[in-house]
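Keep in mind that the numbers below use all heavy atoms, side chains included, and drop hydrogens, waters and symmetry copies. Start at 1 and go down the list; that is how both ligands and their atoms are numbered. Residues take their numbers from the sequence shown, with the count starting at 1.
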Amino acid sequence: MKNPTRKRILITGGAGFLGSHLCERLLTDGHDVLCVDNFFTGTKDNIVHLMGNPHFEMLRHDVTFPLYIEVDEIYNLACPASPIHYQFDPVQTTKTSVHGAINMLGLAKRIKAKIFQASTSEVYGDPKVHPQPEEYWGHVNPVGIRSCYDEGKRCAETLFFDYRRQHNLRIKVARIFNTYGPRMHPNDGRVVSNFIVQALKGEPITIYGDGKQTRSFCYVDDLVEGFIRLMNTADDFTGPVNLGNPGEFTIRELAEQVIALTGSKSKLVFKTLPSDDPMQRCPDIALAQEKLGWRPGVPLEKGLVKTIAYFESMLRDA
Ligand code: NAD
Ligand code: UDP
Ligand code: UDP
């Protein structure tokens, strides 16, 4: 007999870092999961352990093309997330954010599904307000090398709110701040994966600029819990809502922590800061605390230990 609480859930970008953890969590919660991915940055390795589950399905598909299926909920995560990947083909990045959002919103409209958007703290650009509350409109360069991602995600948010206003869609928009954990890409240039891989290989740790810029790092399990709580809020709550860990660290502090936890002999080296690199980023999560009763629980050190273990086994198997 069908489980009455079992939902059919589509996750675009489900073979990626965050998407694969979300697939896993929703299957554990007893749902049917359809993972849609074009494998641009995601891999089958991220979901291979789910393949034998009869409640899990995988479809190779690019969200810039229409998709006609029937589900109850949609999590729209498809989009390369790291600067190296999203700047590789910037036109495709904007198409994925914008055409992808239009197609998924069109789908949600036809089948009356609730739809979640993985937006980003990058919508705040290089912010002039710290920490950033959701009311802050941001400080974004429209013509820089990060713009394909930042403006693509901003336009996707606009589309979500216009589909809500025009077609009364049930939407949930999360603005995700830097997240880390197992299944991050080893070569995508993100600071946590770079530092861990460099430390484990005994290579120099590359600090861009003077290392005084700050970031806040959220462990993936905390973030996924936030996604699910947001999706389950009442229909009148749309977000946007910040999801991230408000603990703020300088990049230099992160490097020192990774060296200490790996016991590495790697030295710090200082390289040029990329253009448009924000000096400070920290979420204001008061809204998430109030509306979702959510705040991250995994401290940086504990999350780093789990992530280091993942990269250790990946390097051993390579
Ligand atoms: P990821 O690159 O691991 O995952 C993105 C997935 O989308 C990949 O599996 C990729 O193959 C797929 N994809 C890309 N273009 C596609 C297309 N046109 N059609 C179908 N699939 C496509 O990145 P992630 O870190 O898991 O990020 C997931 C989402 O969360 C992204 O939308 C990203 O912008 C957002 N986000 C992530 C972070 C973070 O810290 N990881 C921060 C802010 C926002
Ligand atoms: N779409 C889709 N699946 C659906 C319904 C729509 O992929 O089940 C796509 C289709 O490409 C369409 C887009 O979503 O162009 C936007 O749909 P909407 O109904 O908003 O507008 P339309 O372009 O159909 O007038
Ligand atoms: N960074 C660094 N060394 C690296 C990779 C990144 O110092 O090997 C810096 C980068 O310049 C930025 C911060 O770490 O200031 C976070 O970079 P990431 O690409 O992980 O995330 P984002 O800039 O999108 O927040």
Side-chain angles (χ1 to χ4, degrees), residues 11-22 35-43 46-47 59-70 75-86 92-93 95-97 99-111 113 117-123 146 149 152-153 156 159 163 166-167 169 174-181 183-185 188-195 197-198 205-218 220 223 227 243-244 250-252 254-255 269-274 276-281:
I11 304 175
T12 75
F17 161 47
L18 299 181
S20 62
H21 286 272
L22 182 61
C35 165
V36 162
D37 206 295
N38 69 350
F39 298 117
F40 175 54
T41 50
T43 79
N46 287 341
I47 48 165
L59 175 68
R60 182 192 288 266
H61 174 81
D62 182 328
V63 294
T64 61
F65 296 100
L67 178 65
Y68 288 84
I69 53 159
E70 312 299 318
Y75 286 86
N76 187 37
L77 272 61
C79 186
S82 75
I84 288 185
H85 290 140
Y86 70 65
Q92 176 65 16
T93 299
K95 282 185 186 169
T96 294
S97 276
H99 290 181
I102 291 172
N103 286 329
M104 292 308 105
L105 287 160
L107 171 66
K109 180 182 133 198
R110 181 180 61 78
I111 61 179
Q117 169 67 357
S119 190
T120 168
S121 55
E122 293 278 328
V123 301
R146 283 182 176 245
Y149 184 73
K153 289 284 188 179
L159 283 161
Y163 268 81
Q166 240 174 291
H167 302 297
L169 249 62
R175 290 185 179 153
I176 305 163
F177 284 66
N178 298 51
T179 301
Y180 70 101
R183 301 196 207 116
M184 287 184 92
H185 308 255
D188 73 357
R190 304 309 293 266
V191 69
V192 174
S193 43
N194 268 13
F195 285 4
V197 172
Q198 290 163 345
I205 306 267
T206 52
I207 295 192
Y208 302 157
D210 59 9
K212 290 193 182 128
Q213 70 271 37
T214 69
R215 291 294 187 275
S216 58
F217 302 100
C218 184
V220 61
L223 185 79
F227 283 9
L243 294 179
T250 67
I251 293 307
R252 190 180 176 124
L254 176 72
V269 294
F270 293 86
K271 305 243 173 183
T272 318
L273 190 70
D276 285 350
D277 197 279
M279 263 316 288
Q280 196 179 8
R281 195 175 308 113

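- Looking only at distances, no side-chain donor or acceptor of D62 sits under 3.5 Å from a matching main-chain atom of N38.
- Here H85 pairs with H185 under the ring pair (Phe, Tyr, Trp, His ring centres under 6.0 Å) rule; sequence neighbours left out.
- In this structure, I176 CD1 and K153 NZ are separated by 7.0 Å, a value rounded to the nearest 0.5 Å.
- Taking a cut-off of under 4.0 Å to the non-hydrogen atoms of N194, the atoms of ligand 3 that pass are 4 (C), 5 (C), 8 (O).
- Not a single heavy atom of K271 sits under 4.0 Å from any atom of ligand 3.
- Side-chain contact between T64 and Q92 is present, with heavy atoms from C-beta onward closer than 4.5 Å.
- In terms of N/O distances under 3.5 Å, ligand 3 is not approached by Q198.
- Taking any N or O of V191, backbone or side chain, at least one lies under 3.5 Å from an N or O belonging to ligand 3.
- Interatomic distance, I69 CD1 to I111 CD1, rounded to the nearest 0.5 Å: 6.0 Å.
- Here R146 has side-chain heavy atoms under 4.0 Å from ligand 3, and that is the only part of it that gets that close.
- Scanning all heavy atoms of the two residues, the minimum distance from C79 to T93 falls at SG-CG2, 4.5 Å.
- Once rounded to the nearest 0.5 Å, the distance linking CZ of R175 with OG of S121 reads 10.0 Å.
- L243 is listed as a side-chain neighbour of F227, based on a closest heavy-atom distance under 4.5 Å.
- Applying the side-chain hydrogen bond (donor to acceptor under 3.5 Å, both in side chains) criterion to S216, with sequence neighbours excluded, gives no partner residue.
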Quick check on ligand 1: any N or O pairs to the protein under 3.5 Å? One line per pair.
{"from": "ligand 1", "atom 1": "2 (O)", "to": "T41", "atom 2": "OG1", "distance (Å)": "2.6"}
{"from": "ligand 1", "atom 1": "3 (O)", "to": "F17", "atom 2": "N", "distance (Å)": "2.8"}
{"from": "ligand 1", "atom 1": "3 (O)", "to": "H185", "atom 2": "NE2", "distance (Å)": "2.9"}
{"from": "ligand 1", "atom 1": "7 (O)", "to": "C79", "atom 2": "N", "distance (Å)": "3.4"}
{"from": "ligand 1", "atom 1": "9 (O)", "to": "G16", "atom 2": "N", "distance (Å)": "3.1"}
{"from": "ligand 1", "atom 1": "9 (O)", "to": "D37", "atom 2": "OD1", "distance (Å)": "3.2"}
{"from": "ligand 1", "atom 1": "9 (O)", "to": "D37", "atom 2": "OD2", "distance (Å)": "2.5"}
{"from": "ligand 1", "atom 1": "9 (O)", "to": "G42", "atom 2": "N", "distance (Å)": "3.2"}
{"from": "ligand 1", "atom 1": "11 (O)", "to": "D37", "atom 2": "OD1", "distance (Å)": "2.6"}
{"from": "ligand 1", "atom 1": "11 (O)", "to": "F40", "atom 2": "N", "distance (Å)": "2.9"}
{"from": "ligand 1", "atom 1": "11 (O)", "to": "T41", "atom 2": "N", "distance (Å)": "3.0"}
{"from": "ligand 1", "atom 1": "11 (O)", "to": "G42", "atom 2": "N", "distance (Å)": "2.9"}
{"from": "ligand 1", "atom 1": "13 (N)", "to": "N38", "atom 2": "OD1", "distance (Å)": "3.3"}
{"from": "ligand 1", "atom 1": "18 (N)", "to": "D62", "atom 2": "OD1", "distance (Å)": "2.9"}
{"from": "ligand 1", "atom 1": "18 (N)", "to": "T96", "atom 2": "OG1", "distance (Å)": "3.1"}
{"from": "ligand 1", "atom 1": "19 (N)", "to": "V63", "atom 2": "N", "distance (Å)": "2.9"}
{"from": "ligand 1", "atom 1": "21 (N)", "to": "N38", "atom 2": "N", "distance (Å)": "3.3"}
{"from": "ligand 1", "atom 1": "21 (N)", "to": "N38", "atom 2": "OD1", "distance (Å)": "3.3"}
{"from": "ligand 1", "atom 1": "26 (O)", "to": "F17", "atom 2": "N", "distance (Å)": "3.3"}
{"from": "ligand 1", "atom 1": "26 (O)", "to": "L18", "atom 2": "N", "distance (Å)": "2.8"}
{"from": "ligand 1", "atom 1": "32 (O)", "to": "L77", "atom 2": "O", "distance (Å)": "2.8"}
{"from": "ligand 1", "atom 1": "32 (O)", "to": "K153", "atom 2": "NZ", "distance (Å)": "2.7"}
{"from": "ligand 1", "atom 1": "34 (O)", "to": "Y149", "atom 2": "OH", "distance (Å)": "2.6"}
{"from": "ligand 1", "atom 1": "34 (O)", "to": "K153", "atom 2": "NZ", "distance (Å)": "3.0"}
{"from": "ligand 1", "atom 1": "40 (O)", "to": "T179", "atom 2": "N", "distance (Å)": "2.9"}

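- What you find for S97 and A156 is that their closest heavy atoms are O-CB, 3.8 Å.
- The two residues N194 and G189 make their nearest non-hydrogen contact at OD1-CA, 3.4 Å.
- A salt bridge (Lys or Arg N to Asp or Glu O under 4.0 Å) with D277 is found for one member of K212, K271, R215 and no other, namely R215.
- Only the side chain of Q213 comes within contact range of ligand 3, with a heavy atom under 4.0 Å; no backbone atom does.
- Residue contacts with ligand 3, taken as heavy atom pairs separated by less than 4.0 Å, do not involve V192 at all.
- No donor-acceptor pair under 3.5 Å is formed between the side chain of N46 and the backbone N or O of S20.
- Taking every non-hydrogen atom of E122 and a distance limit under 4.0 Å, the qualifying atoms of ligand 3 come out as 24 (O).
- Judged by distance alone, the side chain of T12 and the main-chain N or O of L77 form a donor-acceptor pair under 3.5 Å.
- Protein residues having a heavy atom under 4.0 Å from any atom of ligand 2 are P66, L67, Y68, I102, N103, G106, L107, K109, R110, Y163, listed by chain and number.
- At a heavy-atom cutoff of 4.0 Å, ligand 3 is contacted by both the backbone and the side chain of T206.
- Interface of N178 with ligand 3, defined as ligand atoms under 4.0 Å from a residue heavy atom, comprises 21 (O), 22 (P), 25 (O).
- The aromatic rings of H21 and F17 sit perpendicular to each other, their planes meeting at more than 60°, with 30° as the lower class boundary.
- Heavy-atom proximity to I207, at under 4.0 Å, picks out these atoms of ligand 3: 7 (O).
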